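Below: the structure, in structure tokens.
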Protein chains: 2
Amino acid sequence: MTTTGRSGLPTGSPAGPPTLTTVAELAGVSRQTVSNALNNPELLRPDTLERVLQVIADVGYTPNRAARQLRSGSSHLIGLRFEPAQEGTTNALMDRFLHTLVETTRQTGHHVLLFSGDPDDPLDGYDDLLRSTAVDAFVITDTYSGTPQAAWLQEREAPFVAFGRPWDDPHASHAWVDVDGSAGTRLATQHLLEQGYDRVAWLGWEKSSRIGEDRRTGWKAAMNRAGLDTSGLGLRITDNLDAARLAAHELLDRRVVAFVCASDTQGMGVLRAFVERGMRSGVDAAVVGFDDSLAAQVTGLSSVRQPLEQVAVEVVGLLRATLAGAPAPERGLVLTPSLVVRTSSQRPD
Amino acid sequence: MTTTGRSGLPTGSPAGPPTLTTVAELAGVSRQTVSNALNNPELLRPDTLERVLQVIADVGYTPNRAARQLRSGSSHLIGLRFEPAQEGTTNALMDRFLHTLVETTRQTGHHVLLFSGDPDDPLDGYDDLLRSTAVDAFVITDTYSGTPQAAWLQEREAPFVAFGRPWDDPHASHAWVDVDGSAGTRLATQHLLEQGYDRVAWLGWEKSSRIGEDRRTGWKAAMNRAGLDTSGLGLRITDNLDAARLAAHELLDRRVVAFVCASDTQGMGVLRAFVERGMRSGVDAAVVGFDDSLAAQVTGLSSVRQPLEQVAVEVVGLLRATLAGAPAPERGLVLTPSLVVRTSSQRPD
DNA sequence: CGATAGTGTTGGAACGTTCCAGACATCGGA
DNA sequence: TCCGATGTCTGGAACGTTCCAACACTATCG
């Protein structure tokens, strides 16, 4: 029973963390049995299992990730390209999503790997990680600019799930989750109509923004359903405070006092216009923003809130299915946002 | 020259990405030579090097991370426990820091691994990653609650760098970077004094907050240097908008119209109080917040801005040094924040 | 009682890389 | 001419795990 080679040193010398062999020797079983104790416990006889697990706990053994990955091919890492804030994606938004993603993947034994790439090349960074087998799958989030990553990843048969629908190709055959922006603005518009306003204006983004146009349709649908005319009430402007402030003034001149916006930034611009005219927000005029950012929470701006936590949970669910070899669902999952009503759109009591 | 075993299949069959052996055969050299071409190019004859690199580029070879890590012991991953927002750390703040961290580590060939843990146990999660040799080092960020992680990691000789100073032990022997909160509030206070206010109030956090007390000292120092009395001007309240609003009213009753706050949230509360009294912010009264959050940017609240990008760069620099075996610097690195002046504290023109 | 089918456990091989010792030329100097 | 030094390249071994085929043993059945 010559103790397996492993140099001349006394086996299990304190250099480095314990390994399978260390545990095996202490428990008086083979390496493979220890491995099975962790990965296929049902194969072991109960008393053996207990003995092995006890030793594992005693020495504080944790399998070496690199070795496991090398042999099994799975890194238990999910890659996410971490971009600076972009249109439709406030930093804080990403933060909420990311946090739940990390928390949820933890439960499946996965971790999140962040990477970055050349801002001008939406594909940069993916290739390296894929070829070096560093990650098991990707989560892609910036689908507003078309989805070159999706096509690229699919071509390479790399598993991934998208947060954001494939605007270019609604029937794309990959798994995705998105939030129904249109439903959000519909909620906001209905809310303002219920508050007694009949001419509700829209402040949105340029026509080139798919997300912006989607949100606009919600406003339009709510107005139409109420039998109201929208002509002259929908404005497309750039996403900054001052543009929104000026646009609001323009509409206020025409006695339009209710606004639904494509972003909180624009909502803040409208609020500013109210103040400049001495109008009491929520009383003389009303506005609803989009994204429920910190700014909205702190200034009392009503806002449409995306269920990002739920999105992250669903993304992880799809990820698990994809990794298990399941085909992508027939259609993507579209979640409904909620409306957070604050003082900017509701009369006190 | 029997082609090395590798099953009976034609060598380099398209299954899976190319490996060292694939490249070696195509280039007509040994595995080791290919490895050297990447890791120690100076060992190769120039023409051999070129030939090998050409093949590498042709077949799109990237070393397998798991295998490399298993052999060399380095994962090229940096672990970061990703927490929900906490005192003194707005989500958006973390976002700026994290983004630069990802970007900077990219240049050193590292990636950022996010993990989470039991919110009640600041140590949870570290142990697993350490024992499974999943990460090369950690970045710890939540040092405001004491630094149990730092002590714990040091005990295990795990490399790490902290963002945030070790309040409990200023001479702790690990590498850290922090922002000089005191300098920030000093800047803010001086600015208000220059604007002609002489009774500048402080709205800060409870005494138990080290960060809060640090920021308070900056205000006090600036006032003292100007020969001004601070009695009755410093208030410690909870970090929410309404507490700040009420505190501001209390001070405004006493004709105190200039405020330096420990957070933007409090700053927003003060702004609200101005509005409620019909005071024009920046004209009749002034306030400066802390952290330059989106809310501040959008509401025109002057604020102290932390140089988070610079912090991240310095953290990575220290990380590299630590991983290279350098001892921790004698003292931590303290960076100076800047003041972003907006309409809340400066008269127009 | 011998063949058959589990049940629990084992050792060898393999994943793809880098470390290491050595092989084989080539070169300069004694 | 011979020797050591240098430059260039090679093959075996090892990192720690899981896959796989095979093992010993017990229980079942004809």
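Per chain, numbering begins at 1; letters A, B, ... match sequence-line order. Please read all numbers here as calculations on a predicted model, not as lab measurements.
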When rounded to the nearest 0.5 angstrom, what is the spacing between [atom1] in [X] and [atom2] in [Y]?
X         : Y         : atom1 : atom2 : value
Asp124(B) : Ser116(B) : CG    : OG    : 8.0 Å
Gln149(B) : Leu123(B) : CD    : CG    : 6.5 Å
Thr108(B) : Ile78(B)  : OG1   : CD1   : 6.5 Å
Leu70(A)  : Arg68(A)  : CG    : CZ    : 13.0 Å

Phe115(A)/Phe82(A) aromatic ring centres below 6.0 Å:
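No.
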
One would report the end-axis bend of the helix from dC1(C)-dG30(D) to dA30(C)-dT1(D), five pairs per end and rounded to 10 degrees, as 60°

Just to be sure I understand the geometry, which residues of residues 57-78 of chain A put a non-hydrogen atom under 4.0 Å away from DNA chain C?
Leu70(A), Arg71(A)

Which pairs with one or both residues in residues 309-325 of chain A pass side-chain hydrogen bond (donor to acceptor under 3.5 Å, both in side chains), sequence neighbours excluded?
Arg96(A)-Glu309(A)

Kindly write out the residues that satisfy salt bridge (Lys or Arg N to Asp or Glu O under 4.0 Å) with Asp178(A), not counting sequence neighbours, or none if the list is empty.
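Asp178(A) satisfies salt bridge (Lys or Arg N to Asp or Glu O under 4.0 Å) with Arg165(A) once adjacent residues are dropped.
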
Applying side-chain hydrogen bond (donor to acceptor under 3.5 Å, both in side chains), name anything that partners Arg45(A), two or more places apart in sequence or on another chain.
Asp47(A)

What parts of residues 37-52 of chain A reach DNA chain D, counting only heavy atoms under 4.0 Å away?
Asn39(A)

Quick note, Gln32(A) side chain, CB onward, closest among dG12(C), dT17(C), dC9(D) is dG12(C)

Between dT18(D), dC19(D), dT17(D), which nucleotide gets closest to the side-chain atoms of Ser35(A)?
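Of dT18(D), dC19(D), dT17(D), dT18(D) is nearest to the side chain of Ser35(A).
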
What's the [atom1]-[atom2] distance between [X] and [N], to the nearest Å?
X         : N       : atom1 : atom2 : result
Asn36(A)  : dA21(D) : CG    : P     : 15 Å
Arg31(A)  : dG12(C) : CZ    : C1'   : 8 Å
Leu20(A)  : dT10(C) : CG    : C1'   : 14 Å
Arg131(B) : dG16(D) : CZ    : P     : 16 Å

Going through the checks in order, is the side-chain contact (heavy atoms from CB on, under 4.5 Å) test met by Thr133(B) and Gln69(B)?
CA-CA 9 Å; Thr133(B) 66; Gln69(B) 173 182 354; 4.1 Å; yes

Looking only at the side chains, is there a donor atom on one of Ser173(A) and Gln154(A) sitting less than 3.5 Å from an acceptor on the other?
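Per modelled atom types, Ser173(A) and Gln154(A) side chains form a pair under 3.5 Å.
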
Of the options Leu80(A), Leu101(A), Leu308(A), which is the one that meets Met94(A) in a side-chain contact (heavy atoms from CB on, under 4.5 Å)?
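Filter result, single survivor: Leu80(A).
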
